[in-house]
Amino acid sequence: IKPTYLMSSTTRDSNFELLRIIAMVFVVVLHIIVHILRESTTGCEYIMGITITGVNLFILISGFFGIKTTWKSFLTLISIAVFFYVVAILLNWAIFDRPPTVGEIVTIFTPISRSTWWFVKCYILLVIFSPFINIVLEKSSKIQYCYLLGALLYVTSISGFVFKGQINPNGYTLFQFITLYVIGNAIKRYNILQIVPQRIFILTYILSTIATIYLLRIHHDARYYNNPTVIIAAISLFCIIGKLDFKSKTINYVSRFMFPVYLLQDSPLGFRLYRLMRETGAPLEYSSWEWWIYLFIYLFGLFATAFLFEHLRRFVFNKPIEKTSMKAECFFTNQFT
């Protein structure tokens with residue numbers, strides 16, 4: 001099984017592909033609130049309470065299907081991150097006449113250590129450590145498995161969220177990703193989707209989302225990904241969509257471009273566009289028809305750019321990655337067997 005963003009459109013049913021699209025829409029909407037509206041507009045906490053689950057949903061999908069790290073999947077992940085970072089800084093230069101800084105150029109060659117995207121750094125590390133995490137999960141007894149899951153949740157949501165422990169104070173960490181990965185694996189391992197009725201997931205999702213909205217109204221930290229109500233809402237929504245059973249070639253195709261969409265909108269180019277949208281929307285109070293036209297143009301341009309450049313990346317990099325991964329596999333097989 002490959003990392004979720006690399007799996008072919010025929011590998012999984014469309015319910016999980018739809019979930020990936022929903023998760024990306026949530027991320028984009030959340031970033032519009034954070035970077036453009038600055039959470040000042042009335043009702044933002046309601047939208048944030050719904051969309052804050054986006055990142056957690058992505059990792060739950062990875063945990064449910066599992067990550068089998070290969071040279072090809074790892075090099076593809078690195079190529080996507082590097083390629084779209086280069087695209088972002090070049091478009092930023094072409095559109096806004098802002099040439100790349102020295103730091104941005106260095107980042108091209110250090111996608112793990114200096115990546116603009118905290119999500120990418122954590123996900124790459126999760127991919128690197130996934131073979132060892134998988135061994136632990138496969139070899140653990142039921143008691144050991146429950147102990148591990150309980151310990152992860154304690155460090156994440158109690159020590160981390162409540163007491164701001166250093167290991168995972170806000171959910172922007174590898175530890176958060178490992179926790180969600182194990183939760184996703186537990187849903188698959190213990191057949192939760194089949195055992196628990198859909199109405200339970202729906203009720204839990206509604207209650208946890210309401211709790212998240214309430215917490216957002218009284219405390220800024222409720223927006224953190226390790227907030228227990230955010231984690232519960234993400235698990236519930238994952239299970240709600242996961243229990244669906246349908247196939248759609250269109251959804252499966254569109255979902256392939258969700259990762260590039262994230263990379264573009266959370267890049268130097270994306271930050272500059274968010275700033276422009278904020279400066280344009282503020283005088284219009286983010287409510288006039290002109291503002292909605294600007295927003296539509298931005299979203300259409302974002303998805304269209306991701307679509308076009310992802311096709312270009314695949315055309316340029318797929319064959320070299322295939323050859324390089326085969327040579328690497330042969331070399332390490334000969335050296336260590």
Side-chain angles (χ1 to χ4, degrees), residues 18-55 57-58 83-101 104 116-119 209-210 212-214 216-217 220 222-223 225 230 233 237 250-251 253-312:
L18 174 62
L19 189 62
R20 292 175 62 198
I21 297 173
I22 291 172
M24 178 49 57
V25 170
F26 280 3
V27 169
V28 173
V29 172
L30 182 65
H31 284 180
I32 288 174
I33 294 174
V34 172
H35 297 303
I36 300 178
L37 304 181
R38 294 293 181 89
E39 306 172 41
S40 59
T41 305
T42 303
C44 276
E45 64 272 12
Y46 295 98
I47 302 176
M48 288 187 68
I50 296 173
T51 59
I52 194 65
T53 57
V55 168
L57 287 171
F58 270 114
F83 178 80
F84 278 96
Y85 188 77
V86 172
V87 168
I89 61 176
L90 290 179
L91 288 178
N92 199 26
W93 189 1
I95 298 172
F96 297 105
D97 194 25
R98 183 185 178 279
T101 65
E104 288 173 345
T116 300
W117 307 291
W118 71 269
F119 177 90
T209 301
I210 292 173
T212 300
I213 293 171
Y214 173 77
L216 284 167
R217 293 174 68 89
H220 181 270
R223 61 188 284 186
Y225 296 121
V230 172
L237 182 56
T250 301
I251 289 177
Y253 180 74
V254 171
S255 68
R256 296 163 57 187
F257 303 94
M258 293 300 100
F259 191 51
V261 167
Y262 164 78
L263 296 177
L264 284 175
Q265 60 84 42
D266 202 29
S267 67
L269 172 66
F271 296 147
R272 182 58 64 94
L273 288 172
Y274 280 134
R275 178 180 175 182
L276 178 63
M277 294 281 288
R278 184 172 68 251
E279 294 173 347
T280 303
L284 302 174
E285 298 182 349
Y286 306 109
S287 59
S288 72
W289 63 270
E290 294 175 89
W291 155 248
W292 289 105
I293 290 177
Y294 294 147
L295 183 60
F296 173 79
I297 293 173
Y298 163 72
L299 293 175
F300 178 81
L302 174 64
F303 281 85
T305 304
F307 176 84
L308 293 174
F309 279 100
E310 173 59 8
H311 277 290
L312 176 61

Tell me, please, which residues at least two apart from [X] pass side-chain contact (heavy atoms from CB on, under 4.5 Å).
| X | answer |
| --- | --- |
| Leu308 | none |
| Trp93 | Leu90, Asp97, Pro99, Pro100 |
| Ile297 | Ile293 |

Problem set entry | side chain to side chain contact (heavy atoms under 4.5 Å, CB included) assessment of Phe84 paired with Leu264 | CA-CA 7 Å; Phe84 278 96; Leu264 284 175; 3.9 Å; yes
Hey, what's the ring geometry for [X] with [Y], parallel, tilted or perpendicular (30° and 60° as the breaks)?
| X | Y | answer |
| --- | --- | --- |
| His311 | Phe257 | tilted |
| Phe296 | Phe300 | parallel |
| Phe307 | Tyr253 | perpendicular |

For this session: Could you pull out all residues at least two apart from Glu310 that satisfy side chain to side chain donor-acceptor pair (under 3.5 Å)?
Result: Arg313, Arg314
Problem set entry | Nearest-0.5 Å distance, CD1 of residue Ile251 to CD1 of residue Ile22 |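 These two atoms lie 8.5 Å from each other.
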For this session: Show the numbers, then the answer: is there a side chain to side chain contact (heavy atoms under 4.5 Å, CB included) between Leu263 and Phe309?
Result: CA-CA 12 Å; Leu263 296 177; Phe309 279 100; over 6 Å; no
Exercise. Given Ile32 and Leu299, is the side chain to side chain contact (heavy atoms under 4.5 Å, CB included) satisfied, shown in steps?
Worked result: CA-CA 10 Å; Ile32 288 174; Leu299 293 175; 4.2 Å; yes
Residues 269-276, side-chain donor-acceptor partners within the protein, below 3.5 Å, at least two apart:
from: Tyr274; atom 1: OH; to: Gln265; atom 2: OE1; distance (Å): 2.8
from: Tyr274; atom 1: OH; to: Tyr298; atom 2: OH; distance (Å): 3.1
from: Arg275; atom 1: NE; to: Glu279; atom 2: OE2; distance (Å): 3.1

Exercise. Considering residues at least two apart in sequence or located in another chain, which fulfil the ring pair (Phe, Tyr, Trp, His ring centres under 6.0 Å) criterion with Trp292?
Worked result: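 Checked Trp292 against ring pair (Phe, Tyr, Trp, His ring centres under 6.0 Å); zero matches.
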Problem set entry | Enclosure of Tyr214 OH (heavy-atom neighbours >12, cutoff 6.0 Å) |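 Incorrect, the count does not exceed 12.
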